[in-house]
Amino acid sequence: MTNKNIPIHNIYYMLAYAFRDFRFNMFEDICGENFEDTHNLFAEILIRCVSSQLKQGLYKTYVSQEGALPVIRGRIDMLKTYVIQQSNPYRAFCNYDELSVNNPYNQVVKTTLQYLAKCSDVDENRKQTIRQLIRFFTLIDPIDMASVHIEQFRFDRNNQNYQFLVYICLFIFKELLMTTNEGPYKLRTLSDDQIARLFEKFVLEYYRRHHPETKPRAAQVKWDVIDEESSTGILPTMQTDIMLTIGDRTLIIDTKYYNHTLQSNFDRDKIHSANLYQIYTYVNNYDVGHTGKVNGMLLYAKTLDDPCLDDKRTLRDGNVIYFKTLDLNRDFKEIANQLESILQL
């Protein structure tokens with residue numbers, strides 16, 4: 001469990017959706033298994049990811065090399081060449097780049113595999129599988145994970161399969177997740193900002209995965225003003241979290257993740273006013289023709305003991321603003337059912 005009562009499984013499922021390059025057949029297989037602790041769960045995830053990557057081949061990058069060579073490669077270091085030619089006149093000291101699997105991407109994976117192979121919480125069968133995988137990394141050096149930061153990695157179409165793989169390794173080794181079980185490992189929690197971004201991306205990618213017909217997107221809403229008479233340069237950008245379209249109807253969803261869903265005002269619980277103004281502005285400006293066919297939703301992640309919201313308000317033009325909570329403390333199938341029910345609106 002995390003500090004917001006979100007089961008560890010559900011954090012993983014959200015990650016699996018958020019990173020679309022992860023193979024969903026693996027995701028579905030893992031869904032059916034029971035894991036008593038985080039280390040076995042992430043060991044299984046890493047085994048599946050690495051096994052799949054090995055079939056495609058390990059990612060190679062150009063790595064700086066240097067040495068005394070019988071032929072010229074790259075740039076000659078004149079000073080060192082002068083020194084070595086005193087004893088061997090047929091060699092030159094060169095600095096050159098060589099395509100190699102011994103790069104930070106694979107080093108992070110190998111180091112994490114070695115960590116899990118020694119982890120007492122991982123069962124012996126998985127440890128044996130991990131040891132077999134490590135054999136494919138003999139040409140790769142381990143890395144000091146304390147010096148590794150996600151910002152130093154760049155992902156493109158050549159190495160996009162490594163994005164989820166590297167993130168999972170950092171989650172495992174840097175122990176960003178927390179469990180309520182007592183034991184020798186102390187796992188830190190994701191920050192509220194990280195969970196909020198993950199929650200937003202998870203909902204968007206869920207609809208992209210299962211309901212592409214709704215054209216899920218994170219689109220911007222233009223201000224409904226007369227361009228010839230107005231300047232929008234000083235106005236804030238209206239960036240939606242999720243926008244779904246079915247036929248001629250559109251639903252704009254704004255996801256929210258707070259310690260407390262509602263705010264107290266004169267001993268009464270109310271929706272955060274800024275949230276309401278925001279979604280109202282999105283709906284009002286997107287429905288240029290005042291057709292009433294654009295609706296909005298504030299979708300809160302249920303945390304702690306806050307009540308589940310299921311309410312709505314209808315505007316004069318017929319637009320509806322919905323207030324919903326997604327209970328992340330449920331079994332993932334129930335979470336999926338909650339997301340499916342939104343489409344019925």
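What you see is a predicted model, and the numbers here were worked out from it, not measured in a lab.
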Determine whether a donor-acceptor pair (N or O, by modelled atom type, separation under 3.5 Å) exists between the side chain of K110 and the backbone of F137.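 Yes; judged by distance alone, with no hydrogens or angles, the pair exists.
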Can you check whether Q220's main-chain N or O pairs, donor with acceptor, with T240's side chain at less than 3.5 Å?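 Between the backbone of Q220 and the side chain of T240 there is no qualifying donor-acceptor contact (under 3.5 Å).
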Is [Y] reachable from [X] through a run of hydrophobic residues whose side-chain heavy atoms are each under 4.5 Å from the next?
X: V294; Y: V225; value: yes
X: L54; Y: I45; value: yes
X: L235; Y: M238; value: yes
X: V50; Y: L139; value: yes

Over all atoms of both residues, closest heavy-atom pair of [X] and [Y]:
X: V108; Y: C169; result: CG1-CB, 3.5 Å
X: I72; Y: I76; result: CD1-CD1, 3.5 Å
X: D224; Y: N285; result: N-OD1, 2.8 Å
X: K80; Y: F93; result: CD-CE2, 3.4 Å
X: G318; Y: N295; result: O-OD1, 4.3 Å
X: V63; Y: N102; result: CG2-O, 3.6 Å

Using the side-chain hydrogen bond (donor to acceptor under 3.5 Å, both in side chains) rule, take R217 and T245 through it: C-alpha gap first, then chi angles, then the decisive distance, then the call. CA-CA 9 Å; R217 60 211 183 273; T245 299; 2.8 Å; yes
Is any side-chain heavy atom of [X] less than 4.5 Å from a side-chain heavy atom of [Y]?
X: I252; Y: I242; answer: no
X: R126; Y: I47; answer: yes
X: M297; Y: L251; answer: yes
X: L99; Y: T61; answer: no
X: L343; Y: Y207; answer: yes
X: R75; Y: Y96; answer: no
X: L113; Y: V109; answer: yes
X: Y257; Y: E200; answer: no

Between [X] and [Y], is there a side-chain N and carboxylate O pair less than 4.0 Å apart?
X: R48; Y: E44; value: yes
X: E205; Y: R208; value: yes
X: E66; Y: R73; value: no

Once you round to the nearest 0.5 Å, how far does [atom1] of [X] lie from [atom2] of [Y]?
X: D317; Y: T291; atom1: CG; atom2: OG1; result: 8.5 Å
X: K60; Y: E98; atom1: NZ; atom2: CD; result: 10.0 Å
X: Q239; Y: Y282; atom1: CD; atom2: OH; result: 7.5 Å
X: Q338; Y: L328; atom1: CD; atom2: CG; result: 8.0 Å
X: D241; Y: T255; atom1: CG; atom2: OG1; result: 4.0 Å
X: I130; Y: L46; atom1: CD1; atom2: CG; result: 7.0 Å

Audit row: I335, D327, side chain to side chain contact (heavy atoms under 4.5 Å, CB included) steps and yes/no: CA-CA 7 Å; I335 295 176; D327 191 352; over 6 Å; no
Quick one: do the N275 and Y300 side chains pair a donor with an acceptor below 3.5 Å?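 Result is yes, a qualifying pair exists.
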Donor on one side chain, acceptor on other, Q278 and K256, under 3.5 Å: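 Yes, because at least one side-chain N or O of Q278 sits under 3.5 Å from a partner of the opposite role on K256.
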Check the pair F199 / L326 against side chain to side chain contact (heavy atoms under 4.5 Å, CB included), numbers first and verdict last. CA-CA 10 Å; F199 176 54; L326 192 65; 3.6 Å; yes
Please walk me through it: do Y280 and N319 pass side-chain hydrogen bond (donor to acceptor under 3.5 Å, both in side chains)? CA-CA 10 Å; Y280 173 80; N319 311 92; over 6 Å; no
Verify side-chain hydrogen bond (donor to acceptor under 3.5 Å, both in side chains) between N125 and T129, making sure each step is shown before the conclusion. CA-CA 6 Å; N125 289 335; T129 303; over 6 Å; no
Audit row: D77, L79, side chain to side chain contact (heavy atoms under 4.5 Å, CB included) steps and yes/no: CA-CA 6 Å; D77 188 317; L79 180 59; 3.8 Å; yes
Determine, step by step, whether E340 and K333 satisfy the salt bridge (charged side-chain N to carboxylate O under 4.0 Å, His left out) criterion, reporting the C-alpha distance in whole Å, the side-chain angles of both residues, the deciding distance to 0.1 Å, and the verdict. CA-CA 10 Å; E340 293 292 329; K333 291 182 179 179; over 6 Å; no
Does the ring center of Y105 lie less than 6.0 Å from the ring center of F153?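 Aromatic pair counts; centres sit under 6.0 Å.
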Report the C-alpha separation of H211 and E213 in whole Å, then their side-chain angles, then the decisive distance to 0.1 Å, and conclude whether the side-chain hydrogen bond (donor to acceptor under 3.5 Å, both in side chains) test is met. CA-CA 5 Å; H211 295 284; E213 73 279 4; 2.9 Å; yes
Please determine which of D310, D254, D311 meets the salt bridge (charged side-chain N to carboxylate O under 4.0 Å, His left out) test together with K324.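 Going through D310, D254, D311 one by one, the salt bridge (charged side-chain N to carboxylate O under 4.0 Å, His left out) with K324 is satisfied by D310 alone.
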